[in-house]
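First, the structure itself, so that you have it in front of you.
All ligand and atom numbering here is 1-based and tracks the order in the structure. From a predicted model like this one, the values you see are computed outputs, not experimental measurements. For the numbers below, each heavy atom of this structure counts, side chains included, while hydrogens, waters and symmetry mates do not.
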Amino acid sequence: MSDHHEMTPTTVKDFLLALLGGLAAPLLAIILIVGLVVSIQARQVDDEAADAGDKAVRARIQSVGTSVAVDPNKPHVDMTGEQVYTDICSACHGSGALGSPKFKDTAAWGPRIAQGYDTLLLHALKGFAGQKGKMPARGGEPDLTDLEVARAMVYMTNAGGAKFEAVLKKEVEPTAAQLAHGKTVYAENCATCHDTGMTGAQKLTDPAWAGLIKQGKDYLYGAAINGTLGGPAKGGNVKLTDADTTAAVDYMVNEAKAALAKK
Ligand code: HEC
Ligand code: HEC
């Protein structure tokens with residue numbers, strides 16, 4: 001018999017060393033992966049903690065103006081521009097993150113301020129993708145009211161050299177005659193769907209109008225004239241004029257507001 005079946009102490013030792021060596025690499029890899037996963041989880045926990053902290057700060061700021069016990073029937077009290085800035089906008093504008101014009105940087109704000117109050121407010125409300133980066137709508141905080149966004153925008157731009165005042169364009173209330181005309185147009189062209197809720201049209205009593213009204217008359221006029229995903233342009237009547245269509249919208253908004261007020 002040859003000796004190559006026989007395990008000498010040396011070969012056993014070699015075998016064990018090789019085995020350990022072979023195990024060591026995957027073992028090391030496993031340890032590293034576990035370490036990585038644990039650290040990622042730890043970081044997520046940190047984020048969540050930061051998020052919770054953020055919410056707590058926001059709650060504290062809001063409680064300055066409102067009662068401490070949350071009462072949904074209490075009217076919302078708008079935060080000041082400084083509060084909104086500190087709470088939300090400073091996340092980017094405090095440092096100039098993501099290409100945003102930095103707070104008090106008059107050189108960066110100058111040409112933007114030159115665009116005028118209306119354009120700046122529109123960009124702050126609807127968001128804006130410019131040369132430098134992307135400004136999220138309402139600074140990424142959809143719950144802010146128009147007035148809060150306007151105040152924060154004014155707080156920031158005035159610190160950058162502007163002399164604005166936070167005012168919101170008042171929507172002109174339709175006259176009784178316009179509403180009466182709108183009602184007729186509505187009955188002839190829109191009621192088929194909007195009285196019944198057919199094909200997903202919002203009934204005039206639908207609470208969804210609260211959100212729609214918040215988008216502003218300009219948006220609603222545009223949606224009615226040009227159509228939306230589900231709503232046909234001019235209710236499907238191509239002969240309807242823009243003025244008739246907007247009159248119908250005025251009537252719808254008026255009815256929706258009345259229904260919302262009753263809730
Ligand atoms: C996530 C980051 C971020 C947050 C938060 C943020 N912004 Fe901005 N904002 C930007 C960036 C980026 C720009 C520059 C976009 C460009 O012109 O390239 C900008 C630009 C602007 C401008 C100038 C727009 C123009 O027409 O030049 C205004 C006004 C503004 N932001 C208001 C606000 C207000 C008010 C808030 C808080 C409610 C806010 N921003 C929160 C990133 C942010
Ligand atoms: C054939 C059915 C139909 C008729 C007729 C119709 N609508 Fe609509 N409308 C819809 C639907 C469906 C939606 C919901 C669309 C959506 O969710 O995007 C809608 C939505 C709307 C909205 C809200 C926009 C939005 O973002 O949802 C307005 C404003 C509106 N319609 C106005 C009118 C007016 C004014 C008329 C009459 C001149 C009219 N509609 C006639 C089906 C109709």
Side-chain angles (χ1 to χ4, degrees), residues 79 81 83-103 108-145 148-157 160 162 164 166 182 184-204 206 208-209 211-213 215 217 219-242 244-253 256:
M79 285 191 276
Q83 284 171 336
V84 177
Y85 169 76
T86 308
D87 197 14
I88 292 154
C89 319
S90 67
C92 293
H93 290 274
S95 60
L98 306 177
S100 59
K102 198 172 158 183
F103 192 65
W109 277 106
R112 295 179 188 271
I113 289 167
Q115 300 176 104
Y117 178 87
D118 290 345
T119 304
L120 290 165
L121 180 57
L122 188 76
H123 288 167
L125 288 170
K126 307 264 157 163
F128 171 62
Q131 305 266 307
K132 303 267 171 95
K134 205 164 171 296
M135 161 72 203
R138 293 172 197 266
E141 188 59 56
D143 290 342
L144 288 179
T145 65
E148 285 172 328
V149 175
R151 283 176 177 174
M153 185 278 278
V154 165
Y155 177 74
M156 254 201 295
T157 48
F164 292 134
T184 313
V185 178
Y186 173 83
E188 285 165 5
N189 300 280
C190 323
T192 356
C193 298
H194 286 279
D195 269 4
T196 56
M198 204 162 80
T199 66
Q202 301 90 346
K203 285 201 211 177
L204 302 187
D206 189 328
W209 279 100
L212 288 171
I213 290 167
Q215 306 218 41
K217 281 266 177 80
Y219 164 77
L220 294 174
Y221 290 158
I225 291 170
N226 303 313
T228 59
L229 276 179
K234 299 183 172 180
N237 177 0
V238 286
K239 292 210 197 96
L240 210 61
T241 64
D242 285 4
D244 283 344
T245 312
T246 58
V249 172
D250 282 344
Y251 168 75
M252 292 165 84
V253 168

request  = Return yes if some donor-acceptor pair links the side-chain N/O of S90 with the main-chain N/O of H93 below 3.5 Å, else return no.
outcome  = no
ask   = Of the protein's non-hydrogen atoms, which lies at the shortest distance from atom 34 (C) of ligand 2, and what is that distance?
value = C190 SG, 3.4 Å
query = Taking all atoms of both residues into account, what is the closest heavy-atom pair of G139 and I88, and its distance?
reply = O-CG2, 3.7 Å
request  = Distance to 0.1 Å, residue and atom name: give those for the protein heavy atom nearest to atom 32 (C) of ligand 1.
outcome  = M156 CE, 3.5 Å
query = Should N189 be counted as touching ligand 2, given the test is an N or O pair under 3.5 Å?
reply = no
query = Below 6.0 angstrom between ring centroids: does that apply to Y155 and F103?
reply = yes
task = Could you pull out, from L144, V84, I113, L98, the option with a heavy atom nearest to atom 12 (C) of ligand 1?
result = L98
ask   = Any donor and acceptor pair, going by atom type alone, linking the side chain of D244 with main-chain N or O of L240 inside 3.5 Å?
value = no
remark   = Residue, atom and distance of the protein heavy atom nearest atom 28 (C) of ligand 1 read W109 CH2, 3.8 Å
Aromatic ring pairing F128/H123, orientation class (parallel under 30°, perpendicular over 60°, tilted between) = parallel
Distance-only side-chain donor-acceptor flag, D242 / Y221, under 3.5 Å = no
inquiry  = With a 4.0 Å cut-off on heavy atoms, is T119 in contact with ligand 1?
reply    = no
note = Heavy-atom closest pair (L220 atom, I213 atom, distance to 0.1 Å) is CD1-CA, 4.4 Å
query = What part of V185, side chain, backbone, both or neither, has a heavy atom within less than 4.0 angstrom of ligand 2?
reply = neither
query = Does ligand 2 have a heavy atom under 4.0 Å from the side chain of Y219, from its backbone, from both, or from neither?
reply = side chain
G140 touching ligand 1 at heavy-atom level, < 4.0 angstrom = no
message = For ligand 1, which is the ligand I care about here, please tell me if G133 has any N or O atom under 3.5 Å from one of the ligand's N or O atoms.
response = yes
key: Under 4.0 Å to a heavy atom of I88 - the qualifying atoms of ligand 1, by number   = 5 (C)
inquiry  = Students should be able to answer this: which protein heavy-atom is nearest to atom 11 (C) of ligand 2, and at what distance?
reply    = A201 CA, 3.5 Å
key: atom 41 (C) of ligand 2 - nearest protein heavy atom and its distance   = G235 CA, 3.4 Å
key: Heavy-atom closest pair, residues P142 and G140   = CD-O, 3.4 Å
task = Indicate if the distance from atom 8 (Fe) of ligand 1 to the nearest N, O or S atom of S100 falls below 2.8 Å.
result = no
Where ligand 1 meets Q131 - atom numbers and elements under 4.0 angstrom, heavy-atom basis = 18 (O)
N237 and ligand 2 - part of the residue with a heavy-atom distance under 4.0 Å = neither
query = Do NZ/NE/NH1/NH2 and the carboxylate oxygens of K217 and D250 come within less than 4.0 Å?
reply = yes
query = What atoms in ligand 2 come closer than 4.0 Å to a heavy atom of A223?
reply = 24 (C)
key: Name, closest N/O/S atom of H93 to atom 8 (Fe) of ligand 1   = NE2
query = Between the main-chain N or O of L144 and the side-chain N or O of R138, is there a donor-acceptor pair closer than 3.5 Å?
reply = yes
Top protein contact for atom 17 (O) of ligand 1, by heavy-atom distance = R112 NH1, 2.7 Å
query = Is the backbone of G116 close enough, under 3.5 Å, to the side chain of T119 for a donor and an acceptor to pair up by distance?
reply = no
message = Taking M79's backbone N and O only, do any of them form a donor-acceptor pair with E148's side chain (distance below 3.5 Å, no angle check)?
response = yes
key: Those atoms of ligand 2 less than 4.0 Å from some heavy atom in L240   = 38 (C)
note = Rounded to the nearest 0.5 Å, the CZ atom of R151 sits from the CG atom of L121 at a distance of 13.0 Å
ask   = Does the side chain of Y251 reach to within under 4.5 Å of the side chain of V185, using non-hydrogen atoms?
value = no
key: W109 side-chain N/O to K102 backbone N/O, donor-acceptor pair under 3.5 Å   = yes
request  = Identify the protein heavy atom lying closest to atom 36 (C) of ligand 1, giving its residue, its atom name and the separation to 0.1 Å.
outcome  = C89 SG, 2.8 Å
Within reach of ligand 1, part of Q115 (heavy-atom separation under 4.0 Å) = side chain
remark   = Correct closest heavy-atom pair for K234 and T241 would be NZ-C, 4.1 Å
note = One finds that the ligand 1 atoms under 4.0 Å from a non-hydrogen atom of P101 are 13 (C), 14 (C), 19 (C), 20 (C)
ask   = Is the closest heavy-atom distance from G200 to ligand 2 below 4.0 Å?
value = yes
query = Has ligand 1 got any nitrogen or oxygen that is less than 3.5 angstrom from a nitrogen or oxygen of K132?
reply = yes
key: Numbering as shown, the atoms of ligand 2 that approach T228 to under 4.0 Å (heavy-atom distance)   = 15 (C), 16 (C), 18 (O), 24 (C), 25 (C), 26 (O)
Residue, atom name and distance, where the atom is the protein heavy atom closest to atom 39 (C) of ligand 1 = M135 CE, 3.3 Å
inquiry  = So does Q83 get a backbone contact from the side chain of D87, meaning a donor-acceptor N/O pair under 3.5 Å?
reply    = no
ask   = Which heavy atom of C89 sits nearest a heavy atom of M156, and at what distance?
value = CB-CE, 3.9 Å
ask   = Quick one: which of C92, A129, G81, G130 has a heavy atom closest to atom 3 (C) of ligand 1?
value = C92
task = With rounding to the nearest 0.5 Å, note down the distance linking OG1 in T196 to NZ in K203.
result = 7.5 Å
inquiry  = Please list, in number order, the atoms of ligand 2 under 4.0 Å from a heavy atom of T199.
reply    = 12 (C)
ask   = Got the closest protein heavy atom to atom 4 (C) of ligand 2, with its distance?
value = C193 SG, 3.3 Å
query = Looking at ligand 2, does Y221 have a heavy atom less than 4.0 Å from it?
reply = no
ask   = So which bit of H123 gets within less than 4.0 Å of ligand 1, heavy atoms only: side chain, backbone, both or neither?
value = side chain
Atoms of ligand 2 close to L212 [distance to a heavy atom under 4.0 angstrom, numbered from 1] = 25 (C), 26 (O), 27 (O)
query = Shortest non-hydrogen contact from L212 to Y219?
reply = CD2-CE2, 4.4 Å
message = Is there a polar contact, in the sense of an N or O pair closer than 3.5 Å, between T245 and ligand 2?
response = no
task = Would you check the N or O atoms of K234, main chain and side chain alike, for any that come under 3.5 Å of an N or O of ligand 2?
result = no
message = Within ligand 2, which atoms have a heavy atom of A224 less than 4.0 Å away?
response = 32 (C), 35 (C)
request  = Kindly say whether C92 contributes a backbone atom to a donor-acceptor pair with the side chain of S100 at under 3.5 angstrom?
outcome  = yes
key: Closest to atom 7 (N) of ligand 2 among H194, M252, K217 (heavy-atom distance)   = H194
key: atom 27 (O) of ligand 2: nearest protein contact (heavy atom, Å)   = Q202 NE2, 2.9 Å
key: Heavy-atom donor-acceptor pair, Q115 side chain to R112 backbone, under 3.5 Å   = yes
request  = Considering only non-hydrogen protein atoms, determine which one is nearest to atom 29 (C) of ligand 1 and report residue, atom name and distance to 0.1 Å.
outcome  = M153 CG, 3.6 Å
